[in-house]
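Below is one structure; the comments refer to it alone.
In this text the structure is predicted, and so the values were computed from the model without any measurement. Count residues from 1 along the sequence.
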Amino acid sequence: METPIYDFVTKYKSSGAARFHMPGHKGKGFTGCEALDITEIEGADVLSMASGIIAKSQFNATRLFGSGITLYSTEGSSLCIKAMLMAVLTDARKQKKYQNEYILAARNIHRSAVDACALLGIGMEFIIYNSTLCITESNITAQDIEIFLKNRQENNKDFPIAVYITSPGYLGGISCIKEIAGVCEKYSLPLVVDNAHGAYLAFLEENCHPLKLGAAICCDSAHKTLPVLTGGAYLHISAKYKERYTSLATRALALFGSTSPSYLILQSLDLCNRYIADNYRLKLAECINTINKTKKFLKSNGICVLKTEPLKIVINTAVSGYTGIETSIEMRKYGIECEYSDKEFIVLMATPENSQEDFNRIKKWALGTFLVHNKKEKLALPKIHFKKTAQKMTIRDAAFSPSEIIDAKDSLGRICASETVSCPPAIPIAVCGEVIDKNMVKLFEIYGIKKICVVL
């Protein structure tokens with residue numbers, strides 16, 4: 001497959017041209033990548049209005065993913081989420097039928113979705129269900145959404161402008177996208193999916209990508225599961241919604257994004273197209289086979305491994321009496337660095353770029369870990385579930401109100417002004433405008449959050 005962006009930049013590098021343009025390093029510097037780091041010179045195209053080499057590369061990605069159109073982001077899915085919600089909002093306003101502009105969302109949203117709602121003035125209605133912060137015990141179902149929408153219909157209340165789902169979740173849970181998309185279709189609502197952890201799903205033996213399953217628009221963090229530099233992401237629009245959303249999404253990416261996109265990241269996305277086209281499906285299948293064997297090995301040694309999406313290994317360490325944080329420290333002694341750990345879980349993310357030696361280290365750890373040889377009683381961790389709390393202010397009003405930083409332990413009853421959460425998992429405990437309740441205060445403590453921003 002052609003790599004138009006990379007080919008252009010490498011040709012320019014070889015030309016030996018005197019660089020009287022940005023960046024200031026002039027192709028020389030400390031990291032070794034500077035010679036390939038350029039800006040929008042003649043022939044390099046412009047990301048915000050692509051019509052040349054970037055447009056050609058995006059077309060290649062469009063064909064690979066089977067989308068209506070695929071657009072690039074060099075600022076991660078965070079930028080894509082803002083663009084998706086702006087496109088959905090602007091399109092909804094064309095229809096002139098929404099008095100109350102809000103999205104219906106699962107509670108495991110990424111903080112960037114809240115940021116987008118604050119910037120755009122969109123409200124957010126959560127489907128409240130029995131779940132903890134990272135959604136470990138249940139995922140949102142099509143029935144949950146059907147009940148909500150049917151109730152709105154029967155009581156002649158405003159529908160949301162879209163249904164917004166985060167899947168896969170941080171701990172590897174996958175929502176029933178196909179069934180949810182069917183409900184959205186029934187009620188003529190677009191399904192928006194934050195698929196940050198699932199770019200690879202399009203290349204499984206059975207395509208499980210949200211676009212294939214009925215999403216109107218979705219985003220993938222390419223860098224999370226594909227060999228792309230950090231910040232590389234895709235915004236995919238389905239064929240059905242291409243005409244409605246493309247110009248709006250393009251405009252939104254330009255509105256919220258930098259006018260100086262990274263050409264290093266663009267080359268990475270460009271080269272990834274060729275990587276995907278060249279037997280990636282086979283590499284992915286072989287990697288998943290290795291992961292499954294590793295999971296089976298861990299389970300055979302008495303380690304509690306959760307059922308997850310294919311590229312994650314998620315271990316419940318609390319079952320063996322240890323926190324994920326303790327376990328992550330132990331893993332480093334075996335040369336393993338995890339993606340995420342908390343008081344209950346540890347998350348390992350793998351791709352075909354992990355070597356067999358990497359997986360062998362996991363096995364060596366498993367044979368020596370205290371989870372097996374020094375088991376203790378299961379940790380008695382408090383099970384704190386999200387419950388519906390009062391929304392005293394809109395997300396936008398709260399986010400832009402005068403505020404103060406106070407001790408989290410003293411925040412009970414105050415109105416959240418800025419979502420405070422560690423990243424990862426970047427799932428807000430309290431959303432702007434919500435009244436902080438006892439559950440939230442307990443979660444602040446559990447996740448080590450000492451300070452919280454509240455409305456004055």
Side-chain angles (χ1 to χ4, degrees), residues 81 84-85 87-89 91-92 95 97-110 113-114 116-117 122-198 201 206-219 236-241 244-245 307 309 385-389 391 395 427-428 431 434:
I81 287 168
M84 290 194 301
L85 289 179
V88 168
L89 174 65
D91 180 72
Q95 300 174 44
K97 66 177 185 179
Y98 296 98
Q99 292 182 335
N100 184 15
E101 296 169 342
Y102 72 98
I103 58 172
L104 179 62
R107 191 61 182 80
N108 63 331
I109 51 165
H110 191 271
V114 181
C117 288
I122 298 174
M124 193 177 285
E125 180 79 28
F126 290 120
I127 294 184
I128 305 299
Y129 52 100
N130 195 36
S131 64
T132 54
L133 186 65
C134 291
I135 314 303
T136 61
E137 294 181 25
S138 61
N139 284 302
I140 191 169
T141 67
Q143 184 180 17
D144 294 327
I145 295 170
E146 174 88 54
I147 291 170
F148 180 92
L149 295 176
K150 186 176 181 181
N151 180 267
R152 303 296 285 189
Q153 187 178 62
E154 290 175 349
N155 291 283
N156 199 28
K157 293 182 178 180
D158 283 340
F159 269 29
I161 61 173
V163 173
Y164 185 98
I165 300 297
T166 304
S167 177
Y170 213 88
L171 294 183
I174 297 182
S175 298
C176 47
I177 299 294
K178 186 174 182 179
E179 291 80 3
I180 291 171
V183 173
C184 291
E185 179 76 17
K186 177 180 176 180
Y187 289 93
S188 301
L189 287 173
L191 175 60
V192 182
V193 181
D194 173 358
N195 184 54
H197 287 246
L201 294 173
E206 180 182 351
N207 186 340
C208 295
H209 195 275
L211 278 185
K212 179 69 174 178
L213 300 179
I217 187 169
C218 75
C219 64
H236 305 290
I237 302 173
S238 70
K240 179 179 177 180
Y241 282 82
R244 286 171 60 177
Y245 286 167
K307 182 179 180 181
E309 42 118 337
H385 302 283
F386 281 111
K387 297 178 181 178
K388 192 172 182 64
T389 187
Q391 184 85 29
I395 294 173
I427 300 169
V431 169
E434 287 184 335

(message) Quick one: does any side-chain atom of Arg107 pair with a main-chain N or O of Pro428 as donor and acceptor, under 3.5 Å?
(response) yes
(request) State, to 0.1 Å, how close Leu191 and Cys184 come at their nearest heavy-atom pair, and which atoms those are. (result) CB-SG, 4.0 Å
(request) For atom CD of Gln95, decide whether the heavy atoms of other residues, nucleotides or ligands shown that lie under 6.0 angstrom number more than 12. (result) yes
(message) Nearest 0.5 Å, please: how far is CD1 in Ile177 from CG in Leu201?
(response) 9.5 Å
(message) Looking at Asn100, is its backbone amide N or carbonyl O close enough to the side chain of Asp158 to form a donor-acceptor pair, meaning the two atoms are under 3.5 Å apart?
(response) yes
(message) So that I can tick it off, tell me whether Lys240 and Glu185 are bridged by a salt bridge, with the cut-off set at under 4.0 angstrom between side-chain N and carboxylate O.
(response) yes
(message) Using 0.5 Å steps for rounding, measure from the CD atom of Glu309 to the CG atom of Leu171.
(response) 10.0 Å
(message) Looking at Lys157, is its backbone amide N or carbonyl O close enough to the side chain of Arg152 to form a donor-acceptor pair, meaning the two atoms are under 3.5 Å apart?
(response) no
(message) How close do Ala113 and Leu85 get, counting heavy atoms only, and between which atoms?
(response) O-CD1, 4.1 Å
(request) Without swapping roles, check the side chain of Thr166 against the backbone of Gly169 for a donor-acceptor pair under 3.5 Å. (result) no
(request) Mind telling me whether Tyr187 and Phe159 have parallel, tilted or perpendicular rings, with 30° and 60° as the class edges? (result) tilted
(request) Give the intermediate values and the outcome of side-chain contact (heavy atoms from CB on, under 4.5 Å) for residues Tyr241 and Ile217. (result) CA-CA 8 Å; Tyr241 282 82; Ile217 187 169; over 6 Å; no
(request) Looking only at non-hydrogen atoms, find the nearest pair between Ser238 and Ala215 and report the distance. (result) CB-O, 3.5 Å
(request) Could you walk me through whether Leu213 and Val193 pass side-chain contact (heavy atoms from CB on, under 4.5 Å), step by step? (result) CA-CA 11 Å; Leu213 300 179; Val193 181; over 6 Å; no
(request) Begin with the C-alpha distance, continue with both residues' side-chain angles, and end with the deciding distance and a verdict on side-chain contact (heavy atoms from CB on, under 4.5 Å) for Asp194 and Ile109. (result) CA-CA 8 Å; Asp194 173 358; Ile109 51 165; over 6 Å; no
(request) Quick one: closest heavy-atom pair of Tyr245 and Ala216, and the distance? (result) CE1-CB, 4.3 Å
(request) Determine the minimum heavy-atom distance between Ser175 and Ile165, stating which atoms define it. (result) OG-CG2, 3.9 Å
(request) Using the side-chain contact (heavy atoms from CB on, under 4.5 Å) rule, take Ile122 and Ile395 through it: C-alpha gap first, then chi angles, then the decisive distance, then the call. (result) CA-CA 8 Å; Ile122 298 174; Ile395 294 173; over 6 Å; no
(request) With rounding to the nearest 0.5 Å, note down the distance linking CE in Met84 to CD1 in Ile103. (result) 9.5 Å
(request) Measure across Met124 and Ala105 and return the closest heavy-atom pair with its distance rounded to 0.1 Å. (result) CG-CB, 4.1 Å
